[in-house]
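Beneath this line is the structure, given in structure tokens, with notes to follow.
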Amino acid sequence: MPVRGRPRPSLRSLILVSTFLFGLLVVALLIGQTWTSRLLWQYALTLGHDAASVGIISELERALREDHRLENLLLARHDPAVATMQSVTESDLRRLIGEVEASVDNPVEDRLIDRVQRDVDVYLVERGGLEARGAGLEEGIVATRQSMERALAAIVDLRVHNEQELRQTQRDAQRVLWYETLVSGAGVGVLILALGAVVVGSRRLVLGPLLDLQEAVRQFRGGDLEVKARGGQVSELQDLASAFDEMAGTIALQRRNQLTFLAGVAHDLRDPVAAVKIGIQGLARAPPAATPEMLERLDRQLNRLARMVADLLDATRIEAGQLEIRPVDIDLREVVRAMVDLAPTTGNHAITTRLPDRPVMVRADALRMEQVVNNLLSNAIKYSPGGGPVEVALITEAGQAVIAVSDRGVGIASEDLTGLFDPFRRRPETREGIPGVGLGLSIVRRIVAAHGGQVEVESTVGVGSTFRVCLPLVAAAGTAADAQFESEAQR
Amino acid sequence: MSAAGASVLIVDDDRDICTMLRDILTADGFRVRTARDGTVGLRLLHQHYPDVVLLDVEMPRLGGPEMAHQMLVHDAGMENIPIVLASGVADLAEVARRMGTPYFLTKPYELDDLLELLQRALNERRGGTSSASV
């Protein structure tokens with residue numbers, strides 16, 4: 001699903017964002033856990049406290065019943081030992097009421113305790129009165145029943161209230177525990193979902209495109225040079241895929257150029273080989289058609305073959321970075337003269353040279369310079385198949401020696417000017433009928449560059465081309481001003 | 001093998017091939033003319049009307065197939081002149097098929113093969129003309 005119109009997210013930012021979100025989730029879960037733990041701890045404390053209160057109140061109830069029983073016993077027997085025991089239960093009653101009072105934590109309970117205290121006091125006062133009067137058992141039972149039962153009822157009310165509170169707290173605690181379990185479960189669920197999302201996202205955004213890329217590399221290695229890598233939606237992988245495509249495209253183009261070049265070379269070699277074969281078979285016939293011209297022709301065709309092979313070897317060596325140059329101070333006029341004399345013209349090209357009167361000294365390898373001039377001259381002749389003038393001019397300007405080779409040939413279309421000096425290139429529209437292996441210009445450029453100079457070309461289709469080789473002059477040579485004397489030599 | 005004075009037009013952009021073939025075929029009894037491209041070839045065709053044309057494919061100005069096409073469209077009678085294609089192009093058989101000639105030789109070729117092919121082309125032409133005159 002290609003995303004257009006907006007920038008692709010980078011893997012780095014995706015990792016940052018997901019790490020941040022994960023951290024946030026984990027922190028939220030931890031905070032929730034701590035909070036519910038504290039809450040449950042508080043409930044536990046409250047429960048303990050409530051349970052203790054219920055215990056005290058039960059004891060209070062038991063103490064009241066015990067006191068009443070002892071009271072009846074005392075009224076029946078008037079035994080001082082029973083009186084002693086009763087004083088203990090009375091102090092127990094007061095102590096327990098004090099304890100219950102100390103643990104009071106709401107107004108309802110407060111009111112209930114006040115009632116217990118008041119009713120117990122009423123009971124104790126009535127009981128004390130009976131003893132002072134020395135009342136009998138039956139009178140005592142009748143006199144204290146009411147106050148005793150009221151006090152007991154107050155205590156039971158307090159106990160019931162406390163038991164209700166205990167149950168309420170239990171229910172609250174259970175509810176909190178339930179919520180806590182729910183929230184934790186949900187949190188863990190979200191965490192698992194997020195992890196799943198990360199795993200699925202990694203597969204889709206990272207692993208998938210990486211496997212695609214690996215597959216593309218495998219196919220490319222297997223010979224499918226047109227394979228394209230899919231980068232997916234992450235910018236880094238998209239960049240990687242684009243880089244791969246670019247590299248693969250370059251390699252594919254080089255391969256195509258080399259194959260085209262090889263086919264061209266094979267084809268170009270056929271003509272001279274055919275000529276030599278015809279010549280030799282002609283010589284072998286009876287009567288032999290051997291003439292000095294025939295031998296000359298064979299020699300010329302073999303030279304042509306030799307030159308093509310030498311060009312190939314040269315180009316191979318130069319492309320491998322093994323161009324060897326032995327520079328000495330040379331006069332470029334001599335180079336131009338020698339090469340024009342040896343120019344491979346078919347006779348219908350008028351070659352004009354324009355040379356200054358003074359030496360044009362450059363520091364260069366003479367053989368390599370001859371190769372440069374020869375290649376440019378051959379091209380000028382080759383690419384003006386209909387004949388026509390070819391001019392070789394040597395001038396000096398701005399501290400440079402300039403060799404300009406001009407023809408009135410087929411010219412070069414502007415779109416073919418880029419890459420003109422690349423090796424293994426021949427212009428398709430001029431390939432037909434023009435011999436050569438298409439290495440001359442790349443050799444020229446490498447040689448000139450190795451001498452610290454440069455090659456320029458100006459060309460118009462149907463009008464002709466001018467190639468200019470610029471080389472730095474040796475300082476001792478004539479100045480630019482007096483180097484403009486020209487002589488003309490017609491060939 | 002006797003060519004019995006048959007006339008051949010050789011059209012090839014390689015000067016040496018033209019000249020050497022001319023010498024050899026002349027020694028064999030052919031009457032030979034040569035042209036270095038299709039334009040000159042067409043002009044010579046008009047002037048001399050040869051018995052057979054030995055034609056290269058890739059040439060400056062006017063190539064072999066284009067010249068053969070001109071022979072068809074321009075003059076009645078020229079389509080009867082057999083063409084022997086001789087070239088180093090990779091798909092020569094296909095070029096020959098499109099031009100409608102059964103005679104083609106891939107460079108470099110044996111001289112005997114060329115002579116045999118020229119003879120076959122000449123024989124067929126004679127056969128063709130004789131059957132047409134009956």
Side-chain angles (χ1 to χ4, degrees), chain A residues 259-260 262-305 344-348 381-388 409-410 426 428-435, chain B residues 1 10-30 32 34-41 54-67 84-92 95 104-118:
Chain A
L259 285 177
T260 313
L262 268 180
V265 168
H267 172 253
D268 289 341
L269 288 171
R270 277 181 161 171
D271 259 357
V273 169
V276 171
K277 205 169 165 73
I278 291 168
I280 288 173
Q281 291 185 29
L283 287 175
R285 287 160 73 85
T291 59
E293 292 118 55
M294 184 80 117
L295 292 176
E296 197 183 306
R297 278 183 201 107
L298 283 178
D299 188 46
R300 185 164 49 219
Q301 293 289 345
L302 284 174
N303 282 342
R304 189 172 150 199
L305 275 172
T345 178
T346 49
N348 50 359
I381 292 166
K382 273 191 289 189
Y383 287 96
S384 33
V410 293
R426 287 187 71 189
E429 82 280 11
T430 52
R431 252 201 57 92
E432 292 195 3
I434 292 176
Chain B
M1 177 192 299
I10 300 171
V11 190
D12 196 309
D13 64 337
D14 191 293
R15 185 178 46 160
D16 290 336
I17 289 181
C18 281
T19 318
M20 290 189 292
L21 281 179
R22 187 192 62 204
D23 292 353
I24 292 165
L25 293 180
T26 306
D28 271 14
F30 285 94
V32 183
T34 63
R36 298 277 304 281
D37 63 60
T39 320
V40 178
L54 178 62
L55 192 59
D56 193 4
V57 173
E58 292 181 345
M59 289 180 295
R61 285 197 276 229
L62 193 66
E66 294 77 17
M67 178 183 150
V84 178
L85 268 185
S87 167
V89 295
D91 51 346
L92 188 62
V95 175
F104 58 91
L105 270 179
T106 302
K107 284 181 183 173
Y109 48 76
E110 300 296 327
L111 206 51
D112 288 346
D113 292 343
L114 174 71
L115 292 170
E116 188 196 323
L117 208 58
L118 283 175

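Values reported hereafter were calculated over all heavy atoms of this structure, with side chains retained and with hydrogens, waters and symmetry mates removed. Just so it is clear: chains get the letters A, B, ... in the order the sequence lines come, proteins before strands, and each one is counted from 1.
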To the nearest 0.5 Å, how far apart are CE in B/Met20 and CD in A/Gln301?
6.0 Å

Correct closest heavy-atom pair for B/Pro108 and A/Ala274 would be CB-CA, 3.5 Å

List for me each residue that meets salt bridge (Lys or Arg N to Asp or Glu O under 4.0 Å) alongside A/Asp271, sequence neighbours excluded, and say none if there are none.
B/Lys107

Paired with A/Ile278, the side chain to side chain contact (heavy atoms under 4.5 Å, CB included) test is passed by just one of B/Leu114, B/Thr19, B/Ile17, namely B/Ile17

On a heavy-atom basis, the closest approach of B/Gly88 and A/Arg270 is O-NH1, 2.6 Å

Could you look at B/Asp14 and say if it's the side chain, the backbone, both or neither that has a heavy atom under 4.5 Å from chain A?
side chain

Kindly give the heavy-atom pair with the smallest separation between A/Arg297 and B/Asp23, and that separation in Å.
NH1-OD2, 4.1 Å

If you measure from CG on B/Leu111 to CD1 on A/Ile280, what distance do you get to the nearest 0.5 Å?
11.5 Å

Can you list the residues that meet the salt bridge (Lys or Arg N to Asp or Glu O under 4.0 Å) rule with A/Glu296, with sequence neighbours excluded?
none

Is B/Thr106 close to chain A through its backbone or its side chain, or both, or neither, when contacts mean heavy atoms under 4.5 Å?
side chain

Rounded to the nearest 0.5 Å, the CD atom of B/Glu110 sits from the CD atom of A/Gln281 at a distance of 4.5 Å

